[in-house]
Amino acid sequence: MRETAFAERLIAWQRIHGRHDLPWQVRDPYRVWLSEIMLQQTQVASVLAYYARFLQSFPTVAALAAASQDEVLALWSGLGYYSRARNLHRAARMVVDDFNGVFPTTRSEIERLPGVGRSTAAAIAAFAFGQREAILDGNVKRVLTRVFGIEGHPGDKPVENRLWTLAESLLPPADMTAYTQGLMDLGATVCLRAKPKCADCPMTVECVARLEERQAELPTRKPKKAQPVRHVMMLLAVWRGQVLLQRRPNHGIWGGLLSLPECADSQEAEAWLMRHGEGDLLPSWPELTHVFTHFRLVITPQPILLSRLSPAVSQQADANWLPIDQAIAAGVPTPVGKLLGQWLAGVN
DNA sequence: AACACGGGGAC
DNA sequence: GTCCCAGTGTT
């Protein structure tokens, strides 16, 4: 297909059939940026409520910069990929401190913000400033591999490089907002992964995948490998009606979130109890499996009722004793929220 | 180049 | 259950 034909058809299609009512379809770069970060590896339906709540608490980049990391993480809790929230917070402070409170206006400058890579920077530059920059996200990769019949896993470097070059060659001379939004809309509403609606697609007559009936083979799947399993025991330590939460390190899984204390097995749980005071190990609850991209985590919940807390422990700086309902609201990982919810349901 | 990083929707 | 998504940062 001619490059110009692709862009012309896409823009015309977007104006009629594309999405025009998403809350982040604005020119305010702060709102565009926030939405793009939330939408990384996360679907629109999941983002909508988080976006509204976040914007209500932090209406401007200055408000976000003035917040604490805790406040930001609490509003992010449940969305996943928490480094996005920490980077967002750092980047807000960078905009205030290094860019004099004015959001940067070029792709290369925007790309310096932590958490903003090439595609996200290009999307912000296109939506907020109408600049001629190519995006390449999951939707675009699916559309391009199908329409142009590009073989190979799009995550492989040579394939990805080819897709970037193609994406740049397709850019229209103007109308970048409609074009960029059209690319995303086509991928999200028509060029679906499982059942693409080829009859509704403006590229259908020339789409390689459609012509060869290979929609199911493109984009090429990632070769999969076995997922390792990790086991952990999570302690539901309760003292005077409050549960103990500990801050996780900023790096690694659930970085920076409050979570339950962990150990390997019930023997270690006994030792933990001896260190922390006196009380009883209740029978452990049934295992809970949490699935990640790269491994599965099998959690054994171990409730502990403390009757006395050792003085040294009660003064630990990182110990957070909270009523269960407040603990849930504090921004804990999803499986921890489930466990605390089960406790509430069981006790009350 | 490969991996780490969450959660949820679609099937 | 499996696959994959509006990706980025680290190694």
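Order of the sequence lines sets the chain letters (A, B, ...), proteins ahead of strands, with each chain counted from 1. Just so you know, these numbers use all the heavy atoms, side chains as well, and skip hydrogens, waters and symmetry mates.
Taking atom CD1 of residue Ile124(A) and atom P of nucleotide dG7(C), one finds them 13 Å apart after rounding to whole Å. The CD-P distance, from Gln40(A) to dA6(C), rounds to 12 Å in whole Å. Taking atom CZ of Arg193(A) as the reference point, atom P of dT2(C) lies 14 Å away to the nearest angstrom. In this entry the distance linking NZ of Lys141(A) with P of dG7(C) reads 8 Å, nearest Å. If you take CD of Gln25(A) and P of dA6(C), they are 15 Å apart, rounded to a whole angstrom. We find that CD1 of Ile110(A) is positioned 16 Å from C1' of dT8(C), with the value rounded to whole Å. Separating the CD1 atom of Ile37(A) from the P atom of dC5(B) is a distance of 19 Å, rounded to the nearest angstrom. Computed from coordinates, the Glu133(A) CD to dA6(C) P distance equals 21 Å when rounded to whole Å.
Heavy atoms of Val140(A) sit nowhere under 4.0 angstrom from any nucleic acid atom. If you check every strand for non-hydrogen atoms under 4.0 Å, Gly252(A) touches sugar and phosphate atoms only. Note on Ile253(A): only backbone sugar-phosphate atoms sit closer than 4.0 angstrom, heavy atoms only; bases stay farther off. Within 4.0 Å (heavy atoms only), Trp76(A) reaches no atom of the nucleic acid at all. Gly155(A) comes within 4.0 angstrom of nothing in the nucleic acid, heavy atoms only. Nucleic acid contact for Leu22(A): base, since at least one base atom lies under 4.0 Å from a heavy atom of the residue.
Straight-line distance between the C1' atoms of dC5(B) and dC5(C): roughly 14 Å, to the nearest whole Å.
Using a 4.0 Å cut-off, some side-chain N or O of Tyr82(A) falls inside it from OP1 or OP2 of dG7(B). At dT8(C), one or more side-chain N or O atoms of Thr120(A) fall inside 4.0 Å of OP1 or OP2 (strictly under the cut-off). Proximity of Trp254(A) to the phosphate of dG7(B): a side-chain N or O atom is located under 4.0 Å from OP1 or OP2. OP1 or OP2 of dG7(B) has at least one side-chain nitrogen or oxygen of His290(A) nearer than 4.0 Å. Between dG7(C) and Gln41(A), a contact under 4.0 Å exists linking OP1 or OP2 to a side-chain N or O. Phosphate contact (OP1/OP2 of dG7(B), side-chain N/O of Thr334(A), threshold under 4.0 Å): present. Using a 4.0 Å cut-off, no side-chain N or O of Arg86(A) falls inside it from OP1 or OP2 of dG9(C).
Between Leu79(A) and Asp156(A), the one whose closest nucleotide on DNA chain B sits nearer the 5' end is Asp156(A). Along DNA chain B, the nucleotide nearest to Ala194(A) and the one nearest to Gly78(A) differ in position, and the one closer to the 5' end is contacted by Gly78(A). Both Gln43(A) and Asn87(A) lie close to DNA chain C; mapped to their nearest nucleotides by heavy-atom distance, the more 5′-ward contact belongs to Gln43(A). If you find the closest nucleotide of DNA chain C to Glu36(A) and to Glu111(A), the one lying nearer the 5' end belongs to Glu36(A).
Judged by distance alone with a 3.5 Å cut-off, no donor-acceptor contact links the side chain of Arg84(A) to the base of dA6(C). Contact annotation: side chain of Thr42(A) to base of dG8(B), donor-acceptor pair absent below 3.5 Å.
The side chain of Tyr81(A) has dG6(B) as its nearest neighbour among dA6(C), dG6(B), dG7(B). Looking at the side chain of Arg142(A), the nearest of the listed nucleotides dG7(C), dG9(C), dC5(C) is dC5(C). Checking dG6(B), dG7(B), dC5(C) against every side-chain atom of Pro335(A), the shortest atom distance belongs to dG7(B).
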Steps toward salt bridge (charged side-chain N to carboxylate O under 4.0 Å, His left out) verdict (Glu160(A), Lys141(A)): CA-CA 8 Å; Glu160(A) 190 169 22; Lys141(A) 285 175 178 175; 3.4 Å; yes
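The aromatic rings of His290(A) and Trp254(A) lie tilted to each other, with the angle between the two planes from 30° to 60°. Ring pair Phe54(A)/Phe58(A) is perpendicular by interplanar angle, where above 60° counts as perpendicular and below 30° as parallel. Using cut-offs of 30° and 60° on the angle between ring planes, the pair Trp239(A) and Trp321(A) is perpendicular. Ring geometry, Tyr179(A) versus Phe6(A): the interplanar angle exceeds 60°, so the pair is classed perpendicular (tilted spans 30 to 60°).
Partner of Val232(A) under the side-chain contact (heavy atoms from CB on, under 4.5 Å) criterion, chosen from Val298(A), Leu297(A), Thr300(A): Leu297(A).
Between Asp200(A) and Lys197(A) there is no salt bridge, since no side-chain N of the basic residue sits under 4.0 Å from a carboxylate O of the acidic one.
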